[in-house]
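Working notes for the structure below.
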Number of protein chains: 2
Amino acid sequence: MYVTQRVVPDATVVRLPLYLRALVDIAAAGEVTVSSDDLAEAAGVTSAKVRKDLSYLGSYGTRGVGYDVAYLIHQIRRELGLTQDWPVAIVGLGNLGHALARYRGFGERGFRVAALLDADPAKLGERVEGVEVLHIERLADLVRDEGIAIGVIAAPAVAAQEVADLMVDAGIRSILNFAPVVLTVPDGVTLRKVDLATELQVLAFYEQRNGVRAATSRS
Amino acid sequence: MYVTQRVVPDATVVRLPLYLRALVDIAAAGEVTVSSDDLAEAAGVTSAKVRKDLSYLGSYGTRGVGYDVAYLIHQIRRELGLTQDWPVAIVGLGNLGHALARYRGFGERGFRVAALLDADPAKLGERVEGVEVLHIERLADLVRDEGIAIGVIAAPAVAAQEVADLMVDAGIRSILNFAPVVLTVPDGVTLRKVDLATELQVLAFYEQRNGVRAATSRS
DNA sequence: CAATGTGAAGACCTTCACAGCC
DNA sequence: GGCTGTGAAGGTCTTCACATTG
């Protein structure tokens, strides 16, 4: 058992998907190499940040030339673990769960919606994009049979912690939570959250601050 | 009055909604005062962070006692600009746009969905939660008539920049973008983004880095 | 005595600026 | 000459630790 040593900073990790998307666009435009300046522009960051971030992955650029687009795409995919398919389970098929189940962006990026689960008997049996909605108690089976490693919580806030516990018990170690509630998970489980109302509240703060009097912008 | 220039750090701003939600729960549980320790636990952060964050708003606590829950809720609401209602426009009524339009969490937190817009004639006229879907060209009128200050982009990636431009032209200065693309807006416009596929890619990174333990039977 | 409020220290992240290499 | 890769500097955020206060 070895302790994982951080090589890539967290701040860099969240930008890698951004670079990846920009690079895919650049490749589609027929470019073979790209400079840190151009990639920075496409990703909406500074060129110093691009160079620093990419330097954590290794020395994949060529001085005086730039980065080989196809090679860099490959390296970032490898670093993000996107050379394999990740089966995902979505729990909770209300409005948001349905939208997520139908979202094409997941499949396009290698995340296959392998299971849809709900606790409400009225929702069972329905098919969304060809995947049948099963009862939540089937989760552990599906994790084992489908190799599910990532769970998405789209359940109501009151049920979210219970769903998280079930996911952890079933062996899931990566959870994306959309419920507006603070979840507790054991060490070794990675938890990220997307909080829609919070995003609007943060916008309201800056709107109010800027609205009172013209001020500097944030982005 | 405002002799001191009070600057709330960005990192603190994004936590204020978290504290607010925790405080509302605590108030509902009948608690009158709360310590930084308890609030930290409820919000999933450290108590030092809570005290530091709240100190940017002013000295609202009482040493030896804690914070008055109702008063703190009021102060955070005021700081976030949540003492007023914020009319929101959602542009793009695909899967995600529909889900957002039906999401109750917005209304509960003072964000009223005042307008639904799309460019696709096939979608016009439909009503979601009582709000009619109108053509995107009506945006400027609605911003003026409804006082819309916040725009939500749920349009396809290829249309997102165009939508952002229309929003800016219409006078919107706060934008929440769900399209997986980098947007450019002028100074003075606040832009935040929610990128669903990116969240999963970040999870995949940590899932991979934490080592593929033999917990699942992937072939 | 309990718990806040806050300087100071430390960790982390960003930006600068330029040496090094193609 | 052009552009990467990276130490160093500069900022921002977090954590510590304790003086201060009710």
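Each chain gets a letter, A, B and so on, in the order its sequence line appears, and its residues count up from 1.
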Open item on the list: Are more than 12 heavy atoms, taken from residues, nucleotides or ligands other than Glu162(A), located less than 6.0 Å from that residue's CD atom?
Closed with: no
- [ ] To the nearest Å, give me how far apart CG (Leu39(B)) and P (dG5(C)) are.
- [x] 12 Å
- [ ] Check whether the side chains of Thr83(B) and Arg77(B) place a donor and an acceptor atom closer than 3.5 Å, and report yes or no.
- [x] no
Task: Donor-acceptor under 3.5 Å (Asp37(A) side chain, Ser47(A) main chain) - done: no
Task: Tyr71(B) OH to dT4(C) C1', straight-line distance once rounded to whole Å - done: 15 Å
- [ ] Please state how far atom CG in Leu54(A) lies from atom P in dT6(D), giving the value in whole angstrom units.
- [x] 11 Å
TODO: Starting from P on dA3(C), measure out to CG on Asp38(B) and report it in whole angstrom.
DONE: 9 Å
- [ ] From the options dG5(D), dA17(D), dG7(D), select the nucleotide whose nearest atom is closest to the side chain of Arg51(A).
- [x] dG5(D)
Task: Residue-phosphate contact under 4.0 Å: Tyr56(A) side-chain N/O, dC12(C) OP1/OP2 - done: no
Open item on the list: Using OP1 and OP2 only, check whether a side-chain N or O of Lys49(B) sits under 4.0 Å from dT15(D).
Closed with: yes
- [ ] Identify which nucleotide among dA3(C), dC22(C), dT6(D) has an atom closest to any side-chain atom of Arg63(B), counting heavy atoms from C-beta outward.
- [x] dA3(C)
Task: Flag for Thr33(B)-Asp68(B): side-chain donor and acceptor within less than 3.5 Å - done: no
Task: Side chain of Lys52(B) - closest among dT15(C), dT15(D), dG5(C) - done: dT15(D)
- [ ] Rounded off to whole Å, could you give me the CG-to-C1' distance for the Asp10(A) and dT14(C) pair?
- [x] 15 Å
Open item on the list: Quick test of your reading of the model: are Glu129(A) and Arg102(A) salt-bridged, counting only N-O distances below 4.0 Å?
Closed with: no
Task: Ala48(B) side chain, from C-beta outward: closest of dT15(D), dG5(D), dT4(C) - done: dT15(D)
TODO: Using atom CG of Asp37(A) as one end and atom C1' of dC16(C) as the other, report the distance to the nearest whole Å.
DONE: 14 Å
- [ ] Grab the CG-C1' distance between Leu72(A) and dT4(D) for me, whole Å please.
- [x] 12 Å
Open item on the list: So if I take every side-chain heavy atom of Arg15(B) and compare against dC3(D), dA19(D), dT14(D), which nucleotide ends up nearest?
Closed with: dT14(D)
Open item on the list: For a quick test of reading the model: is some side-chain N or O of Thr46(A) closer than 4.0 Å to OP1 or OP2 of dT15(C)?
Closed with: yes
Open item on the list: If I take atom CG in residue Leu57(A) and atom C1' in nucleotide dT4(D), what distance separates them, rounded to the nearest angstrom?
Closed with: 14 Å
Task: Distance below 4.0 Å between Ser36(A) side-chain N/O and dT4(D) OP1 or OP2 - done: yes
Open item on the list: Among dT15(D), dT14(C), dC16(C), which nucleotide has an atom closest to any side-chain atom of Ala11(A)?
Closed with: dT14(C)
Task: Closest-nucleotide ordering on DNA chain C, the 5'-leading residue of Asp53(A) and Thr62(A) - done: Asp53(A)
TODO: Mind checking Thr12(B) for me? I need base, sugar-phosphate or nothing, with any heavy atom below 4.0 Å counting as a touch.
DONE: nothing
